[in-house]
Amino acid sequence: MGRLAVVAIGGNSITKAGERGTIPEQFKNARETSRHIAQMIVRGYDVVVTHGNGPQVGNILLRAEMACSVLPMLPLHTCGADSQGGMGYMIQQVLGNELRKLGIDRCVTTVITQTVVDAGDPAFSNPSKPIGPFYTSEEAERKVRDDGWKVIEDANRGWRRVVPSPMPTRIVEADAIKTLLEAGSIVIGVGGGGIPVVETDGRLEGVAAVIDKDHASRLIANYIGAELFIMSTDVEQVALHYGTPDEVRLSSLTLDEAMGYHAEGHFPPGSMGPKVLASVEFLRGGGEEAIITNPESIERALDGEMGTRITR
Ligand code: ADP
Ligand code: MG
């Protein structure tokens, strides 16, 4: 086998800000990212591709909401599974096409993936992650009463359902992903961080939660023994004082520096925070280097010319 890498694609780089998120737009963005992943494969990497699903799963939920007068409502865990199938299909097709263009005949396979979370995770008593559409206060009250939802008022834009975002503890299909890799396949898995399930006496059951894809991706990265973990997002580099006149971009960071800057508050929860913490955990779990960059910069980042590289 080649050198092992996990590439985590941001859900926001498949449905970009300013786009409607049409299927042709998503295919175009997935194709662009796939061109760069294909170049990694040319360079000898065996790759597991993971991806976020925030915008996409929000749309699936909204579609179910709007159709609920004629069709049964969908629970969040099956919406997650639907997004894994739809996005996995798209990525496996465009990545396969890019590889064949380069004369590489490799199978690209999507694994529907469940991720175990702890039923006692404190996130379950503190749902904080807003998902899906906005509601008026009357609609929201009805959802709370009839469906047992938790809701919050989201930045004066209306009321939204909030769900727990527990930490992932185990990737159920990890061995299947490893077996496919060993058989020569490029594997797409852990979509949206995996479908959240709780385990009771060996029995799995889906729960209404969302899992951070960066944390779940680093779990599979360590499990398969990847040496490289790339998080492909919409910034070229991680920065200190991000978005201020004092912004300083970082091209390399040690694990201790990353933890220090995190403690100083440079990397907010819900965006850069999980990427930096997932990098730290990846290195502690035996990984060699983590890179945070955008899709266009992947090759230059591998050459050490762009991106932010985090090492021990
Ligand atoms: P993804 O969908 O790829 O997970 P996120 O939106 O969760 O993307 O995280 C990437 C975003 O983090 C960037 O678009 C950027 O706006 C934001 N960000 C927050 N803090 C920083 C920082 N210190 N350096 C760079 N980007 C940052
Ligand atoms: Mg994110």
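Every number for a ligand or one of its atoms is a count from 1 in the order of the listing. All figures in this text were calculated on a predicted structure; none of them were measured in a lab.
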More than 12 non-hydrogen atoms from neighbouring residues, nucleotides or ligands closer than 6.0 Å to CG on Asp105, yes or no?
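Atom CG in Asp105 is not crowded, with 12 or fewer foreign heavy atoms closer than 6.0 Å.
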Give the atom numbers and elements of ligand 1 that come within less than 4.0 Å of a heavy atom of [X].
X      : answer
Gly11  : 2 (O)
Gln237 : 25 (C)
Met272 : 12 (O), 18 (N), 19 (C), 20 (N), 21 (C), 22 (C), 25 (C), 26 (N), 27 (C)
Phe267 : 23 (N)
His266 : 23 (N)

Measuring from non-hydrogen atoms of Gly52 to any atom of ligand 1, is the shortest distance under 4.0 Å?
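So Gly52 does not count as touching ligand 1.
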Are Lys213 and ligand 1 in contact, using a heavy-atom cut-off of under 4.0 Å?
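Within the 4.0 Å threshold, so yes.
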Report the nearest protein non-hydrogen atom to [atom]: residue, atom name, distance rounded to 0.1 Å.
atom                    : result
atom 25 (C) of ligand 1 : Tyr242 CD1, 3.4 Å
atom 14 (O) of ligand 1 : Asp234 OD1, 2.5 Å
atom 1 (P) of ligand 1  : Lys275 NZ, 3.5 Å
atom 8 (O) of ligand 1  : Thr233 OG1, 3.2 Å
atom 6 (O) of ligand 1  : Asn12 ND2, 3.6 Å
atom 20 (N) of ligand 1 : Pro268 CD, 3.3 Å

Part of Pro274 within contact of ligand 1 (heavy atoms, under 4.0 Å)
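Neither part.
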If we only count N/O pairs under 3.5 Å, is Ala239 in contact with ligand 1?
yes
Taking the side chain as everything from C-beta on, heavy atoms only, tell me whether Met167 gets closer than 4.5 Å to Leu219.
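They are not in side-chain contact.
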Between Asp175 and Tyr223, is any pair of side-chain heavy atoms under 4.5 Å apart?
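Yes, their side chains come closer than 4.5 Å.
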Could you go through the side chain to side chain contact (heavy atoms under 4.5 Å, CB included) check for Arg284 and Leu255 one step at a time?
CA-CA 9 Å; Arg284 286 182 177 156; Leu255 200 155; 3.9 Å; yes
Interatomic distance, CE@Met40 vs CG@Leu302, rounded to 0.5 Å, equals 5.5 Å
For a side chain to side chain contact (heavy atoms under 4.5 Å, CB included) with Ile220, tell me which candidate from Val111, Val190, Val187 qualifies.
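Checked Val111, Val190, Val187 against Ile220; only one passes side chain to side chain contact (heavy atoms under 4.5 Å, CB included): Val190.
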Out of the candidates Val197, Thr169, Val207, only one should pair with Val117 under the side chain to side chain contact (heavy atoms under 4.5 Å, CB included) rule; please name it.
Val207
Could you tell me whether the side chain of Asp147 and the main chain of Trp149 form a donor-acceptor pair under 3.5 Å?
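Checking the backbone N and O of Trp149 against the side chain of Asp147, no donor-acceptor pair under 3.5 Å is found.
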Polar contact flag, side-chain donor to acceptor under 3.5 angstrom, Arg218-Asn222
yes
Which is closest to atom 5 (P) of ligand 1 by heavy-atom distance: Ser13, Ala8, Ser271?
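Heavy atom nearest to atom 5 (P) of ligand 1 belongs to Ser271.
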Geometric cation-pi criterion Arg160 and Phe134, 6.0 Å radius, 45° cone:
yes
